[in-house]
Structure formats: C-alpha cells, structure tokens
Amino acid sequence: ENHAHVLAAVERLAVDVHADGRRLLVAHLPAMERLDPYAFAEPVAKLRAQCERLGVPFVDLLEPFLAERERQAAEYEARSGQAVGAELRAGFLSQYWIVDPHDHHLNAAANRVAAGALAEAVERALE
C-alpha cells in the first residue's frame with residue numbers, strides 16, 4: 001500500500017544522488033515468508049520498472065534465493081530419487097531464517113547468498 005510513496009522516494013533519491021555526482025543501486029531484499037507466489041511481486045515489478053526508467057541499476061535478491069532453492073531441490077532429488085513436493089520445496093529456504101521459521105529475518109548463510117548477488121550487481125554498476 002506504500003509502494004507509490006516508495007517509487008516517488010526512489011526517484012527523489014536518484015535525482016539527489018546523481019546531482020551529487022554519485023551512483024545509486026537499488027536492491028530488493030525479499031520477504032521470505034511467502035514465495036509461491038511471491039507476496040510482493042507486483043510492487044517489486046513496479047520498482048524494477050521505475051529503476052529502469054530512471055537508469056538506476058536494480059538487483060532483485062529474490063532471484064538468488066529461488067536459484068538456491070532449485071539447487072537444493074535438484075540435490076535432494078538426485079540423492080533420494082524422489083520428487084520434491086511443494087511443501088518440501090518451500091521448506092528448503094527455511095534454513096535461512098533466524099532460529100524460528102516464523103521469524104523471517106535472514107541468518108548468516110542467507111546473508112552470504114544475498115551478498116554474492118549484491119556484490120555482482122555493485123561490480124556491474126561500477127563498470
């Protein structure tokens with residue numbers, strides 16, 4: 001419900017950062033509690049479009065988490081010989097939450113996944 005304000009704030013920030021001679025990179029750190037379908041897909045798509053319109057690099061950190069989930073699913077299927085169902089697939093990423101699966105803050109392992117993707121985006125932005 002606040003995405004219109006966020007989009008306006010990103011535009012103001014992009015203008016201010018550019019006027020200061022600096023570069024802005026916008027990153028989406030996903031809310032991990034519901035990925036299938038992703039609860040915030042529409043506002044994130046609008047944010048991505050806003051960044052593209054403004055010429056601001058954008059990195060969606062949901063993508064590396066979904067890729068990690070698929071890697072885990074493939075590894076499980078290869079080892080067990082069993083297909084991964086939706087419930088098990090959803091549970092693969094729970095290892096990235098702090099202690100309690102109801103607390104969807106990221107732990108150290110999750111921060112490493114996010115940091116790798118963010119580092120790549122920063123490197124591309126600096127080229």
Side-chain angles (χ1 to χ4, degrees):
E1 59 200 47
N2 291 323
H3 62 269
H5 298 292
V6 170
L7 296 177
V10 167
E11 185 161 1
R12 286 191 307 274
L13 184 58
V15 168
D16 290 347
V17 167
H18 181 73
D20 196 31
R22 298 179 187 199
R23 293 173 149 173
L24 177 65
L25 170 71
V26 173
H28 164 241
L29 180 61
M32 301 292 279
E33 56 268 23
R34 193 176 104 205
L35 298 176
D36 298 308
Y38 184 55
F40 302 101
E42 183 181 333
V44 171
K46 289 180 180 179
L47 178 59
R48 180 188 302 269
Q50 173 82 328
C51 288
E52 287 174 3
R53 184 181 69 73
L54 296 169
V56 171
F58 176 84
V59 60
D60 188 349
L61 298 175
L62 176 61
E63 294 166 5
F65 283 107
L66 294 179
E68 173 59 18
R69 180 177 70 179
E70 294 310 306
R71 185 200 64 74
Q72 292 175 24
E75 182 178 296
Y76 176 88
E77 288 176 350
R79 280 192 287 147
S80 71
Q82 298 176 9
V84 173
E87 187 175 328
L88 183 56
R89 183 179 299 276
F92 282 138
L93 291 179
S94 67
Q95 67 181 309
Y96 294 114
W97 303 331
I98 293 178
V99 183
D100 179 356
H102 300 290
D103 178 354
H104 293 102
H105 287 90
L106 303 179
N107 64 20
N111 279 295
R112 282 190 292 277
V113 172
L118 192 53
E120 290 174 14
V122 168
E123 188 175 330
R124 282 191 307 271
L126 294 175
E127 292 176 342

Return the CZ to NE2 distance between Phe58 and His28, rounded to the nearest 0.5 Å.
6.5 Å

Kindly work out whether a path of hydrophobic side-chain contacts (I/L/V/M/F/W/Y, heavy atoms less than 4.5 Å apart) joins Val6 to Val15.
no

N/O donor to acceptor pairs below 3.5 angstrom from side-chain atoms of residues 18-25, sequence neighbours left out:
{"residue": "Asp20", "atom": "OD2", "partner": "Arg22", "partner atom": "NE", "Å": "3.0"}
{"residue": "Arg23", "atom": "NH1", "partner": "Ala125", "partner atom": "O", "Å": "2.5"}

Please report the interatomic distance CD(Glu11) to CG(Asp16), rounded to the nearest 0.5 Å.
11.0 Å

Can Val56 and Leu13 be said to form a side-chain contact (heavy atoms from CB on, under 4.5 Å), step by step?
CA-CA 10 Å; Val56 171; Leu13 184 58; over 6 Å; no

Can you name the nearest heavy-atom pair linking Phe40 to Ala31, along with the distance?
CE1-CB, 3.6 Å

Answer whether the closest heavy-atom distance between the side chains of Val10 and Leu47 falls below 4.5 Å.
yes

Of all heavy-atom pairs linking Ala14 and Leu54, the shortest is CB-CD1, 4.2 Å

Minimum heavy-atom distance between Arg89 and Ala73, given as atom pair plus value:
NH1-CB, 3.7 Å

Under 3.5 Å, side-chain donor or acceptor atoms of residues 108-117 against the rest of the protein: list the pairs with distances, not counting sequence neighbours.
{"residue": "Asn111", "atom": "ND2", "partner": "Asn107", "partner atom": "O", "Å": "2.9"}

Between Arg48 and Glu63 the two heavy atoms that sit nearest each other are NH2-OE2, 3.1 Å

Spacing of Asp60 atom CG and Tyr38 atom OH [to the nearest 0.5 Å]
7.0 Å

Side-chain donor-acceptor pair under 3.5 Å between Arg69 and Gln72, yes or no?
no

Show the numbers, then the answer: is there a salt bridge (charged side-chain N to carboxylate O under 4.0 Å, His left out) between Glu68 and Arg71?
CA-CA 5 Å; Glu68 173 59 18; Arg71 185 200 64 74; 2.7 Å; yes

Can you name the side-chain hydrogen bond (donor to acceptor under 3.5 Å, both in side chains) partners of Glu120, sequence neighbours left out?
none

Could you grab the distance from atom NE2 of His5 to atom NE2 of His3, nearest 0.5 Å is fine?
10.0 Å

In terms of heavy-atom contacts, Leu29 and Leu106 come closest through CD1-CD1, 3.5 Å

